[in-house]
Engineer: 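First, the structure itself, so that you have it in front of you.
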Amino acid sequence: MYKRSDFPDGFTFGASTAAYQIEGHSFGGAGRTHWDDFAETPGNVIRAENGAVACDHYHHWQEDLDLIRDAGFDAYRFSASWARVLPEGRGTVNPEGLDFYDRLVDGMLERGIKPMATLYHWELPSALADLGGWRNPDIAKWFADYCEILMDRIGERIWKTATINELWCVSFLSHFLGHHAPGVRDIRAAARAMHHVMLAHGTATQALRAKGVNQIGAVCNFTYSQPASRSPEDIEAAATFDDYYNNFFMSGFFKKEYPERIVSALADHFPSGWQDDFDVIGTPVDWLGVNYYTREIIKATDGPWPGHTSIEGPLPKTQMGWEIYPEGLLHFLRRCHVDYTGDLPLYVTENGMANPDIVVDGTVDDVVRIDYLARHFDAAKQAIAEGVPLNGYFVWSLMDNFEWAFGYEKRFGLVHVDFETLQRTPKASYMALKAALAS
Ligand code: IFM
C-alpha cells in the first residue's frame, strides 16, 4: 500500500474537480453555457442530464472543503466557470460569481489547503458559442479578458493557475468527434479550434503575467497509443493518433511548431497566419499538468483522415470501458520530461477511475479504485526515481459528479454523492488515501 512517506518531502497531494461538473450552474446568476445547449439536444447526453444542480457545491462548498482537509490533501484543484463570472462571456460581470470564488479560495486557505485554479474547464458561455466559440479567433482575447477579471479578484491567493483544461477535448473531441459541446463534427472547425485554443492559452498567459500572476501552467490530457498489430499501417495509424492527441499541443507549447503529420493533414483548415502565432502559443509556463487515464488500441482503416479506429483491448476496464494501464502514466511522465519540458516541474493533475459504486450500510467498498490508485502512484514513484521532476498528484475526482456526455452515471469520486439527497459519503478509497497521507 502507498503512503505519503514514499514520496519526496514537499510532494503535493490533492483532489481535482471542475465547476460545471459540481457547482450547480442554475444557482448564483451564472449564464447559459454551450453544455446546457448540448445537453438539451436529444441524443447528446445520457437522459439529457445537465449541470443545473450537479452536486450543488455552490451551497455545499464548506462541507466539500472540509472533506478535502479531513482527507489530508495539501491542495485542491478547482475550476472557475467563465459563464458564472461573465454570464454573456464578455461585458457585465456577475458579482455573485466573483464573490463565490472569493469565498471558496478563502475557505481553502482557512483550512490550510493550497488553491490550484483552472480558468477554463469547458463551460463556454452560450453567447460566445453563438459567435462561433472556439472557431472564432477573437476567443483568445475574450478568454484573456475573462481571466484578468477573475484573477484581479482571486489571483493573489492562488497557489498555481492552469489556463485551459485538456486542450484536445476542447478542440478535437468537441469539434471533430462531436462527443462534447458544441457537438460539431467538422475537420475545418476542429483545426481552427485546435489552433485557437493554443492561442487563447498563450494570450491569457501573457495577459496574466503582465498583471504579476505567477505559477501559470498548461494542462494536457494524454492517452497511450498502442498499434493493434505490427503492420506498417497500424503503426502509422497509432503514430497519427499519438500526434493529434498527445504531441500536437505539447509541440506547440514547447517547440513552437506542430507535428508534421498533423500539418500535412490540416494545413488547409488552420486559420490564416497560424504560423505567426507560435511566439504567443509558446509563452513560457512554470509547470505542466499531466492528465492520464488509459490507452487506446489503434487499428488502421480505409477512408479519410485520420484513417483509424479504436478496438477493444484485453486489459481490465473501468466503468468507462477504459483499460487500466498505469505503464502509460510512466511513459508520458518520461516523455514530457525528456522530449518537451526538461527541468520544468510536472504535476499529475488528473488520474482516477469510474466505478459503479453503491452505498451499502453507509459505506462504499471501492477496492478496485484503491488498487487503481496504488498502481498509478507506483508509476509516479518510478518516474521520480528516474529523475522526472514530478512534484504532485491530484486524484480525479474529489466526488462523483456530472461526467459530461455520460451524465451522472459514471462515478469517479473518492466521495459518493447521492444525486437525489446530495448526501456525501466518503468511499473506502477516500479512507485509504486519508490513512496513506497521514503515514
Ligand atoms: O470528468 C473528466 C474531466 O472533466 C476532465 N478529464 C477527464 C475526466 C474523466 O472523464
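Whatever order the structure lists them in is the order used to number ligands and atoms, beginning at 1.
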Engineer: Does Asn401 reach ligand 1 with a nitrogen or oxygen that is under 3.5 Å from one of the ligand's nitrogen or oxygen atoms?
Structural biologist: no
Engineer: Among all protein non-hydrogen atoms, which one is nearest to atom 7 (C) of ligand 1, and what is the separation to 0.1 Å?
Structural biologist: Glu350 OE1, 3.2 Å
Engineer: To the nearest 0.5 Å, tell me how far Leu150 CG sits from Leu208 CG.
Structural biologist: 9.0 Å
Engineer: When you check the gap from the basic side-chain N to the acidic O, do Arg153 and Asp99 get nearer than 4.0 Å?
Structural biologist: yes
Engineer: If only atom types and distance count, is the side chain of Glu23 paired as donor or acceptor with the main-chain N or O of His57 below 3.5 Å?
Structural biologist: no
Engineer: To which protein heavy atom is atom 1 (O) of ligand 1 closest, and what is the distance rounded to 0.1 Å?
Structural biologist: Glu403 OE1, 2.6 Å
Engineer: Establish, yes or no, whether a centroid distance under 6.0 Å links the rings of Phe253 and His201.
Structural biologist: yes
Engineer: Please could you name the atoms of ligand 1 that Trp322 approaches to less than 4.0 Å, counting only its heavy atoms?
Structural biologist: 10 (O)
Engineer: Counting each atom of ligand 1 from 1 as listed, which ones have a heavy atom of Trp404 under 4.0 Å away?
Structural biologist: 1 (O), 2 (C), 3 (C), 4 (O)
Engineer: At a 4.0 Å threshold, what atoms of ligand 1 neighbour a non-hydrogen atom of Phe412?
Structural biologist: 9 (C), 10 (O)
Engineer: Taking a cutoff of less than 4.0 Å between a non-hydrogen atom of the residue and any ligand atom, is His121 in contact with ligand 1?
Structural biologist: yes
Engineer: Between ligand 1 and Glu166, is the shortest N or O to N or O distance under 3.5 Å?
Structural biologist: yes
Engineer: Per the ring-ring contact (aromatic ring centres under 6.0 Å, His included) rule, which among Tyr20, Tyr146, Trp35 passes with Trp82?
Structural biologist: Tyr146
Engineer: Check whether more than 12 heavy atoms from other residues, nucleotides or ligands sit under 6.0 Å from atom CD of Gln319, and answer yes or no.
Structural biologist: yes
Engineer: To the nearest 0.1 Å, how far is atom 8 (C) of ligand 1 from its closest protein heavy atom, and which atom is that?
Structural biologist: Tyr293 OH, 3.5 Å
Engineer: Can you confirm whether the side chains of Tyr258 and His195 place a donor and an acceptor under 3.5 Å from each other?
Structural biologist: yes
